[in-house]
Amino acid sequence: NQDEEIKFDEDLLEENSEIVGICSVKYFDLKQNRVSNYKFDYDTILDPKGDTGCYLLYMYARIQSIFIKGGYSKEDVQKLALTERIHITSPQEWDLALMILRLPEYIDGVFFDLQINKICFMLYDISCRIGAFYKVNKDLGSPEEKSRILLLEATRVCMKKVFDLLGMKTLDRL
């Protein structure tokens, strides 16, 4: 019915808004080269598209929404990981898998160069590769569903680790 009001949990909305805001500001600050000056601009920081904390949280939540839509609980994904393997069948899957495997390399680079912005670049690169993956590959309902669910879970775990390293919270839904 069009007359029904959509009800929001005001506390949850406020909490999520705070997480998005803090993540966006932190990400914008940390992605800058530590030896360069930059202009602090809220419009750029809160842009939902591009290299921003909002976009990164959206891509993380999008993975979670696929699990929910497909009926995959955390336990289901863990069980799946014990019985199935990831089979790479497309160039986009390959790019995504190679990117998440580079996490140790990026972490070493941060310590070696003292540039935290490099791990921010990785998080953005992962998000872009997820977007490319979604454009070309069907996950739910495809013959490769189980493999792709496992690839998305590996991606989610990697992203979560990077968010944690940057001191940012994640959201399962936006």
Side-chain angles (χ1 to χ4, degrees), residues 15-67 72 74 77-78 80-81 85-88 90-137 139 147-174:
E15 180 182 333
N16 287 354
S17 298
E18 185 175 320
I19 290 171
V20 170
I22 290 171
C23 178
S24 297
V25 171
K26 275 186 176 183
Y27 180 76
F28 182 80
D29 190 46
L30 292 173
K31 78 175 185 173
Q32 309 301 321
N33 187 320
R34 67 180 171 80
V35 295
S36 300
N37 291 330
Y38 67 91
K39 181 182 175 191
F40 189 88
D41 176 31
Y42 278 115
D43 290 334
T44 302
I45 292 170
L46 297 173
D47 189 349
K49 296 178 182 165
D51 190 6
T52 64
C54 293
Y55 175 73
L56 301 175
L57 285 172
Y58 167 74
M59 295 309 282
Y60 182 86
R62 193 166 177 195
I63 292 172
Q64 297 285 56
S65 71
I66 289 171
F67 296 154
Y72 289 96
K74 289 181 183 183
V77 175
Q78 289 172 349
L80 193 62
R85 291 184 172 201
I86 297 174
H87 299 283
I88 304 297
S90 75
Q92 295 77 20
E93 287 176 300
W94 185 254
D95 287 345
L96 184 56
L98 286 178
M99 178 52 67
I100 63 175
L101 288 172
R102 293 183 66 196
L103 179 60
E105 173 189 335
Y106 274 86
I107 291 172
D108 286 347
V110 168
F111 287 112
F112 181 74
D113 298 334
L114 300 178
Q115 293 183 341
I116 193 85
N117 60 320
K118 289 183 177 182
I119 202 140
C120 293
F121 295 148
M122 179 189 190
L123 192 54
Y124 179 64
D125 282 345
I126 291 171
S127 296
C128 290
R129 288 165 200 235
I130 292 169
F133 168 82
Y134 288 142
K135 282 182 184 177
V136 178
N137 298 289
D139 39 48
S147 173
R148 290 182 177 163
I149 289 297
L150 290 175
L151 178 59
L152 288 174
E153 173 62 4
T155 304
R156 185 201 66 77
V157 168
C158 182
M159 289 181 78
K160 177 71 170 128
K161 180 58 67 183
V162 175
F163 275 116
D164 290 346
L165 288 169
L166 295 171
M168 296 180 212
K169 293 181 180 179
T170 57
L171 293 170
D172 292 344
R173 298 180 0 169
L174 288 179

Checklist outcome for this item: In terms of heavy-atom contacts, I126 and I100 come closest through CD1-CG2, 4.2 Å
Item to check | Nearest non-hydrogen partners of S127 and M59, listed with the distance | outcome: O-CE, 3.5 Å
Checklist entry - Looking at side-chain heavy atoms only, is the closest gap between L80 and Y72 below 4.5 Å? => result yes
Checklist entry - Is a side-chain donor or acceptor of E18 paired with a backbone partner of E15 at a separation under 3.5 angstrom? => result no
Item to check | Evaluation steps, side-chain contact (heavy atoms from CB on, under 4.5 Å), between C158 and M122 | outcome: CA-CA 10 Å; C158 182; M122 179 189 190; 3.9 Å; yes
Checklist entry - Are the side chains of L30 and N117 in touch, meaning some heavy atoms are under 4.5 Å apart? => result no
Checklist entry - Is there a side-chain contact between L103 and K161 (heavy atoms, below 4.5 Å)? => result yes
Checklist entry - How long is the span from the CG atom in L56 to the CZ atom in F163, to the nearest 0.5 Å? => result 5.0 Å
Checklist outcome for this item: So CG of L166 and NZ of K26: to nearest 0.5 Å the spacing works out to 8.5 Å
Next on the checklist: As an exercise, state the distance from CG of L151 to CG of L96, rounded to the nearest 0.5 Å.
Outcome noted: 4.5 Å
Checklist entry - Would a 4.5 Å heavy-atom cut-off, applied to side chains only, mark Y106 and D125 as touching? => result yes
Checklist entry - Can you tell if the side chain of T170 reaches within under 4.5 Å of the side chain of D164, non-hydrogen atoms only? => result no
Checklist entry - So which heavy atom on S65 is nearest to which on R62, and how close? => result OG-O, 2.7 Å
Checklist outcome for this item: To the nearest 0.5 Å, atom CZ of F133 lies from atom CE of M99 at 15.5 Å
Item to check | Distance-only polar pair, side chains of D139 and Y134, donor-acceptor under 3.5 Å | outcome: no
Checklist entry - Can you find a heavy atom in the side chain of M159 that is under 4.5 Å from one in the side chain of I63? => result yes
Checklist entry - In Å and rounded to the nearest 0.5 Å, what is the CD1 to CZ distance from I107 to R102? => result 12.5 Å
Item to check | Worked check of side-chain contact (heavy atoms from CB on, under 4.5 Å) between L165 and I116 | outcome: CA-CA 10 Å; L165 288 169; I116 193 85; over 6 Å; no
Item to check | Separation of S147 OG from N137 CG (nearest 0.5 Å) | outcome: 10.0 Å
Checklist entry - What's the verdict on side-chain contact (heavy atoms from CB on, under 4.5 Å) for D51 and F28, showing C-alpha distance, side-chain angles and the deciding distance? => result CA-CA 8 Å; D51 190 6; F28 182 80; over 6 Å; no
Item to check | Any F67 side-chain heavy atom under 4.5 Å of L152 side chain | outcome: yes
Item to check | Test side-chain contact (heavy atoms from CB on, under 4.5 Å) applied to R173 and Q64, step by step | outcome: CA-CA 7 Å; R173 298 180 0 169; Q64 297 285 56; over 6 Å; no
Item to check | Close side-chain approach of Y124 and T52, heavy atoms under 4.5 Å | outcome: no
